[in-house]
Number of protein chains: 2
Amino acid sequence: MKRATIGDVAAVAGVSVATVSRVLNGGAVKEATAAKVWAAVDRLDYSPNALTKSIFAGRSSTIGVVIDDLTSPFYLGLMRGIDEVADANDSLVMFASTFRHAGSGAAQIRTMNEQRVRGLIVTTVEATDDRTRRMAAGGTPCVVVARSVQDPPPRLHSVALDNRAAGRLMAEHLISCGRRSVGVITSGGRPSQHGRTEGLRQGLAEAGLELPGDAVTSVDDNEQVSAAVGALLEHRTSVDAIVCLTGRRTVAVHSALTSRGLAIPDDIGFLTMDDFAWAPALGVTVIGQPSHRMGQKAAELIVENPGEAVQLTFEPELIARTSCGESG
Amino acid sequence: MKRATIGDVAAVAGVSVATVSRVLNGGAVKEATAAKVWAAVDRLDYSPNALTKSIFAGRSSTIGVVIDDLTSPFYLGLMRGIDEVADANDSLVMFASTFRHAGSGAAQIRTMNEQRVRGLIVTTVEATDDRTRRMAAGGTPCVVVARSVQDPPPRLHSVALDNRAAGRLMAEHLISCGRRSVGVITSGGRPSQHGRTEGLRQGLAEAGLELPGDAVTSVDDNEQVSAAVGALLEHRTSVDAIVCLTGRRTVAVHSALTSRGLAIPDDIGFLTMDDFAWAPALGVTVIGQPSHRMGQKAAELIVENPGEAVQLTFEPELIARTSCGESG
DNA sequence: CTGAAAGCGCTAACAA
DNA sequence: TTGTTAGCGCTTTCAG
């Protein structure tokens with residue numbers, strides 16, 4: 001029942017533990033000795049203890065990821081990207097989500113630090129900044145996703161979308177589809193959403209269109225969406241397009257529209273963030289983020305561990321379908 | 001740059017390492033001493049090494065999860081459930097996916113074993129059976145998801161849907177909607193799909209309806225779906241409903257239908273596995289699995305670590321919407 | 001090429 | 001209440 005240790009293997013093989021260690025990790029050993037060791041390994045079903053190993057390395061080979069909502073298509077793509085390069089580098093991914101806790105993930109980050117993860121990828125809010133900074137200072141490369149860091153210390157990187165560009169892309173497309181008055185749904189106070197709003201506002205302004213403050217509504221969860229959309233539509237009857245600034249709310253906003261009997265795009269235009277599996281079928285036009293590549297890059301930053309802070313910005317992409325009407 | 005160790009803390013606080021260990025883990029220490037220690041911890045930004053700790057416990061406090069496709073709504077729900085109870089038990093989730101590799105996850109399971117995970121949850125195919133059995137034999141509780149294990153050794157549990165019941169539920173609903181000839185899309189050779197097919201066949205048979213072998217088509221990926229659906233429809237012109245036996249293919253099958261100009265449910269009925277966010281909006285009737293509860297249960301089996309093997313079966317639930325037409 | 005011995009950072013008796 | 005002393009399972013000098 002008790003697990004075999006390297007000592008047991010050594011005993012069975014009739015060699016020293018040092019020798020066993022060497023054949024396991026590819027040191028110089030005589031063919032014949034190695035064979036004896038492997039036989040013992042087999043017989044005892046020996047599995048080296050990676051935990052003990054990492055004591056010497058000072059850290060584990062695991063990449064930590066703290067995400068606040070796996071449900072969103074963006075994070076799913078991100079995870080796949082991360083997992084992919086982790087796998088290619090014989091790393092595992094240690095995952096913790098925070099969507100239940102208001103605490104914003106400080107606890108998770110602490111735990112990851114205690115686990116001596118090789119690096120950390122975080123998507124949670126600024127409250128965690130301090131912890132992340134200290135981890136980076138302690139030598140663990142950290143990557144912050146979907147948010148840039150002001151004045152980053154050496155090992156604190158970031159991977160983010162050019163949110164203003166995303167906003168502008170939205171404005172351009174809406175305008176080219178003849179929309180004149182947009183209503184916006186944002187979610188919580190994430191900085192990325194500010195960028196998008198600003199980009200949108202600017203893009204609209206360049207075409208002489210306004211985005212008044214009361215055309216922007218923030219919702220905290222899916223339950224609020226229907227009421228928020230309703231209020232927006234009633235308050236501003238001129239609105240001819242609804243823009244959803246976060247992929248997390250796409251379903252809810254879309255349902256809010258259709259369940260009011262509004263036809264998309266005839267009665268109202270609809271534009272949202274993040275491509276998703278059903279979008280082609282539904283004809284929903286989106287601004288796509290390269291979430292998969294972003295995940296890969298984040299993980300690569302961990303693996304390559306550059307000395308300076310690197311801030312990567314990715315370009316959004318308009319994936320035009322039919323939900324805003326005919327373009328041009 | 002070098003991390004502080006418990007020894008450093010002891011030195012700064014002017015006490016022994018044992019004392020530091022005690023205040024960190026809640027032993028009996030004098031108020032004043034504890035204060036000194038905490039001060040030192042603070043000053044050095046000390047973070048205890050969880051890896052070293054688990055040497056003594058013999059295993060880490062991490063729950064390992066090997067999943068083959070995070071993209072599927074079922075696995076997402078499962079993950080949430082797992083993460084939830086892991087979190088409640090101060091565990092982290094170590095995640096590895098296998099969807100790139102043909103290798104079916106043997107490597108991932110080995111790594112998890114080396115990481116001395118507290119328990120393992122696997123969703124990959126039978127090829128991994130041996131490894132899982134050995135892990136269980138070695139004392140690590142393992143839970144196999146969506147598949148039952150024949151003749152399970154002590155610590156090898158399973159959490160699965162009653163697939164025959166799911167099939168029967170499908171049959172019942174289709175019949176009550178007046179469908180007489182169904183076409184089936186399955187994916188790969190997963191045993192769960194056999195159960196569903198059998199249940200469906202039985203349920204149909206009880207109503208005097210047949211499910212001939214050529215009405216069942218298996219596809220390996222989304223690219224094959226359109227052709228497969230086309231072939232099925234052309235070969236069996238009587239088909240008035242398409243059943244998709246895996247949530248993983250829902251989008252592709254649905255698109256295959258609509259892109260052929262078929263209206264759901266008027267031209268053809270559509271029924272699939274696993275509820276998903278857009279299903280209400282699309283009116284897609286599904287057989288739901290309690291994926292979230294299944295994840296929770298799987299994680300609880302790890303945490304509670306019962307001596308015998310336990311096999312949990314969950315009941316599927318029909319979530320009737322409009323895609324099969326009017327029922328009754 | 002191989003073994004003995006000294007740790008890695010921490011916990012757990014056992015004394016004091 | 002505290003400190004001393006063994007280890008945990010492994011890697012890594014340093015001799016042989």
Side-chain angles (χ1 to χ4, degrees), chain A residues 1-41 44-62 111 113-118 138-140, chain B residues 1-41 44-62 111 113-118 138-140:
Chain A
M1 179 100 279
K2 191 113 185 23
R3 266 172 201 280
T5 73
I6 199 175
D8 300 332
V9 176
V12 169
V15 298
S16 75
V17 291
T19 303
V20 177
S21 174
R22 274 188 281 258
V23 349
L24 258 31
N25 304 302
V29 249
K30 225 172 45 182
E31 192 71 9
T33 331
K36 281 194 297 186
V37 171
W38 283 121
V41 164
L44 297 173
D45 197 14
Y46 171 69
S47 156
N49 188 332
L51 265 26
T52 314
K53 272 186 166 160
S54 30
I55 288 188
F56 295 89
R59 39 186 24 7
S60 83
S61 66
T62 301
T111 314
N113 192 25
E114 292 178 357
Q115 295 286 335
R116 299 293 188 264
V117 290
R118 172 181 189 169
T140 309
Chain B
M1 180 100 284
K2 191 110 183 27
R3 265 173 203 279
T5 72
I6 199 174
D8 300 332
V9 176
V12 169
V15 297
S16 75
V17 290
T19 302
V20 176
S21 174
R22 274 188 280 258
V23 347
L24 258 31
N25 304 301
V29 253
K30 228 173 42 186
E31 198 60 17
T33 331
K36 281 195 298 188
V37 171
W38 285 120
V41 164
L44 297 174
D45 198 15
Y46 170 70
S47 156
N49 187 334
L51 264 28
T52 315
K53 273 185 166 162
S54 31
I55 288 188
F56 296 88
R59 41 189 19 7
S60 83
S61 66
T62 300
T111 316
N113 191 27
E114 292 178 355
Q115 296 285 336
R116 299 294 188 262
V117 290
R118 172 182 189 169
T140 309

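Atoms considered below: every heavy atom in the structure, side chains included; atoms not considered: hydrogens, waters and symmetry mates. So that the names make sense, note that chain A is the first sequence line, chain B the second, and so on, each numbered from 1. Please read these numbers as outputs of a predicted model, since none were measured by experiment.
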B/S/- contact track for nucleotides 7-16 of chain D, protein heavy atom under 4.0 Å: BBBBBB----
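Interatomic distance, Ile6(B) CD1 to Thr52(B) OG1, rounded to the nearest 0.5 Å: 10.0 Å. Here Gln115(A) contributes atom CD and Ser54(B) contributes atom OG; the two are 6.5 Å apart, rounded to the nearest 0.5 Å. Taking CG of Asn49(A) as the reference point, atom CZ of Arg3(A) lies at 8.0 Å (rounded to 0.5 Å). Between Glu114(B) atom CD and Leu51(A) atom CG the span is 11.0 Å, to the nearest 0.5 Å.
The side-chain hydrogen bond (donor to acceptor under 3.5 Å, both in side chains) contacts involving residues 5-16 of chain A comprise Ser16(A)-Thr19(A), where partners must be two or more places apart or lie in separate chains.
Side-chain atoms of Trp38(A) and Val20(A), non-hydrogen and from C-beta on, never get closer than 4.5 Å to each other. Asn25(A) is listed as a side-chain neighbour of Lys53(A), based on a closest heavy-atom distance under 4.5 Å.
Spacing between atom CD of Glu114(A) and atom C1' of dC10(C) amounts to 13 Å, rounded to whole angstrom units.
Close to dC1(C), at under 4.0 Å from its OP1 or OP2, lies no side-chain N or O of Thr33(A). In this model, the phosphate group of dT2(D) is not approached by any side-chain N or O of Ser16(B) to a distance below 4.0 Å at OP1 or OP2.
Rotation axes derived from the C1' atoms of the five outermost pairs at either end of the helix from dC1(C)-dG16(D) to dA16(C)-dT1(D) lie 40° apart, to the nearest 10°.
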